[in-house]
Number of protein chains: 2
Amino acid sequence: MGEILNISRKEQIVDRAAKLFKQKGFAATSMRDLAAELGIEAASIYYHFKSKEELLEKVCFDMADKFITNAREVNDIYFNAEEKLRMAIKFHIETITENQNQSSVFLSEWRNLSEPKLKLFRQLRQQYENQFTIILADGEKEDIFDDVDKKFAVLSILSTINFINEWYKVSLIRLCMISV
Amino acid sequence: MGEILNISRKEQIVDRAAKLFKQKGFAATSMRDLAAELGIEAASIYYHFKSKEELLEKVCFDMADKFITNAREVNDIYFNAEEKLRMAIKFHIETITENQNQSSVFLSEWRNLSEPKLKLFRQLRQQYENQFTIILADGEKEDIFDDVDKKFAVLSILSTINFINEWYKVSLIRLCMISV
DNA sequence: CCTACCGATCGGTAGG
DNA sequence: CCTACCGATCGGTAGG
């Protein structure tokens, strides 16, 4: 029971941390800022997390997990490359729009990670991008996609959909979802 | 003479500041980091600039100036909306690729500005975006562009070309420039 | 989860 | 441009 309360408290802290990291940036957010947001003292956060960086790691790697899990699911379930690409994009957009604060941190604040974790993060992101590269290569084999520079194409696709996070407001509904 | 040396020193400081702000983020860059980069003491920077924020303002507003000047030039010289759009994009890309560090700061670190300047910055950026909106509206009147959501179209265009800053390496030439 | 506190580092100033 | 230094704030710890 204490356990259950504890878990949700941890989640609440991560949630607020993501909000502040997005708003002010990781470096400009102090543990005192975060504590004030939670209505507790800064020292109390250290009962749940051992450092400020651990909070950043949690957000970044949880998001990386979500993205990679989605990509694997796509490659497991769907067969046609066009369908795969469509679903991969759809999952990506859903993940972003359902986790806007965490997505901003994943997209912009990850570089504040320090070294062993920073390298790991880059690897996971690369893994995710590779899933898209594979889909494009499949599509080329299936003769439904042109032979393009895959690395560039993947970065273009991702940057375009990541841009959604800059204008999408939850209140503005899933307008674009309908047409997917 | 001392004046001339002074000016170039100021420019050198701004240049290195932009480099570090891009690399580590504004908040995570200390005046001591910047001083080390310049081979001087932190206190010495305050002979040239009155605060750390002044450095950020210099970078952000110099870039805003460049973008807006470009947009005005386009609207002064060219007549056809398609030509205008093409040139506006070309100037934008040139400005970004020729000032990569400063562009990153302009695109990502501006939110570290504090209040009177932050509002001003947002206004300037809006002014620039409006220039693109006008071009799209002109094109619609000239019957060469479709009737689209202009605000969304402008943000899409800019986010797409701003993405260049994330993969473009100066050493990789002006390959894309050729085709513009 | 709090009080009380730490050493380090920060942006910035005085005086030269 | 430097030395010397400041008050404030930072991330984090001890002990309860």
Side-chain angles (χ1 to χ4, degrees), chain A residues 1-21 23-60 105 109-118, chain B residues 1-21 23-60 105 109-118:
Chain A
M1 205 167 81
E3 191 63 7
I4 290 167
L5 285 169
N6 229 19
I7 287 170
S8 80
R9 187 51 158 172
K10 282 191 83 161
E11 280 168 359
Q12 190 194 2
I13 293 172
V14 172
D15 184 71
R16 295 305 175 129
K19 180 188 161 196
L20 291 182
F21 292 168
Q23 226 169 68
K24 318 177 56 162
F26 174 76
T29 302
S30 71
M31 292 301 259
R32 284 155 180 89
D33 290 335
L34 177 55
E37 181 84 16
L38 292 158
I40 59 176
E41 290 301 314
S44 306
I45 300 171
Y46 291 90
Y47 171 73
H48 301 281
F49 296 93
K50 71 175 205 295
S51 68
K52 184 184 170 188
E53 172 139 1
E54 201 190 1
L55 287 166
L56 179 62
E57 291 167 6
K58 185 91 172 80
V59 177
C60 290
V105 175
E109 300 299 324
W110 58 268
R111 64 180 174 154
N112 290 289
L113 291 166
S114 37
E115 225 355 299
K117 299 284 181 175
L118 181 59
Chain B
M1 205 166 85
E3 191 64 5
I4 290 166
L5 284 169
N6 229 17
I7 287 171
S8 79
R9 188 52 156 169
K10 283 191 82 162
E11 279 168 1
Q12 190 195 2
I13 294 172
V14 172
D15 185 70
R16 296 303 174 130
K19 180 188 162 197
L20 290 182
F21 292 167
Q23 225 169 67
K24 319 178 54 161
F26 174 76
T29 302
S30 71
M31 293 301 260
R32 283 156 180 89
D33 290 335
L34 178 54
E37 181 83 15
L38 292 158
I40 59 176
E41 291 302 312
S44 307
I45 300 171
Y46 291 90
Y47 171 74
H48 302 280
F49 296 94
K50 70 176 207 292
S51 68
K52 184 183 170 188
E53 172 139 0
E54 200 189 4
L55 288 166
L56 180 61
E57 290 166 7
K58 186 90 172 78
V59 177
C60 290
V105 175
E109 300 299 323
W110 58 269
R111 64 181 173 152
N112 290 289
L113 291 166
S114 39
E115 225 356 297
K117 299 285 182 175
L118 181 58

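Hydrogens, waters and symmetry mates play no part in the numbers below; they use all other heavy atoms, side chains included. Just so it is clear: chains get the letters A, B, ... in the order the sequence lines come, proteins before strands, and each one is counted from 1.
- Proximity of Ser30(A) to the phosphate of dT9(D): no side-chain N or O atom is located under 4.0 Å from OP1 or OP2.
- Distance, Asp33(A) CG to dC10(D) P: 6 Å, rounded to whole Å.
- The partner of dG16(C) is dC1(D), by the rule that a Watson-Crick or G-U pair needs both atom distances under 3.5 Å.
- Taking atom CD1 of residue Ile40(A) and atom P of nucleotide dT3(C), one finds them 12 Å apart after rounding to whole Å.
- With a cut-off of 3.5 Å on both pairing distances, the Watson-Crick or G-U wobble partner of dG11(C) is dC6(D).
- Residues Ala35(A) and Glu41(A) come closest through the heavy atom pair CB-C, 3.5 Å.
- The distance between atom NE2 of His48(A) and atom P of dT13(D), rounded to the nearest whole Å, is 15 Å.
- Look at CD1 on Ile45(A): it is 14 Å from C1' on dT13(D), rounded to the nearest Å.
- One finds no side-chain N or O of Arg32(A) lying less than 4.0 angstrom from the OP1 or OP2 phosphate oxygen of dG12(D).
- Following rounding to the nearest Å, Glu41(B) (CD) and dT13(C) (P) show an atom-to-atom distance of 17 Å.
- We find that OH of Tyr46(B) is positioned 16 Å from C1' of dT3(D), with the value rounded to whole Å.
- We find that NZ of Lys52(B) is positioned 8 Å from P of dG12(C), with the value rounded to whole Å.
- Counting to the nearest Å, the P atom of dG12(D) and the CE atom of Met31(A) are 6 Å from each other.
- Nearest heavy atoms, Leu34(A) versus Leu20(A): CA-CD1, 3.6 Å.
- In this structure, Gly39(A) and Glu53(B) both approach DNA chain C, and ranking their closest nucleotides by distance from the 5' end singles out Gly39(A).
- One finds the NZ atom of Lys52(B) at 6.5 Å from the CZ atom of Phe21(B) (value rounded to the nearest 0.5 Å).
- Lys117(B) has no carboxylate O lying under 4.0 Å from a charged side-chain N of Glu53(B), or vice versa, which leaves the two without a salt bridge.
- Here the side chain of Glu109(B) pairs a donor or acceptor atom with the backbone of Phe26(B) at under 3.5 angstrom.
- Checked against dC2(D), dC5(D), dA4(C), the side chain of Ser44(B) finds its nearest nucleotide in dC2(D).
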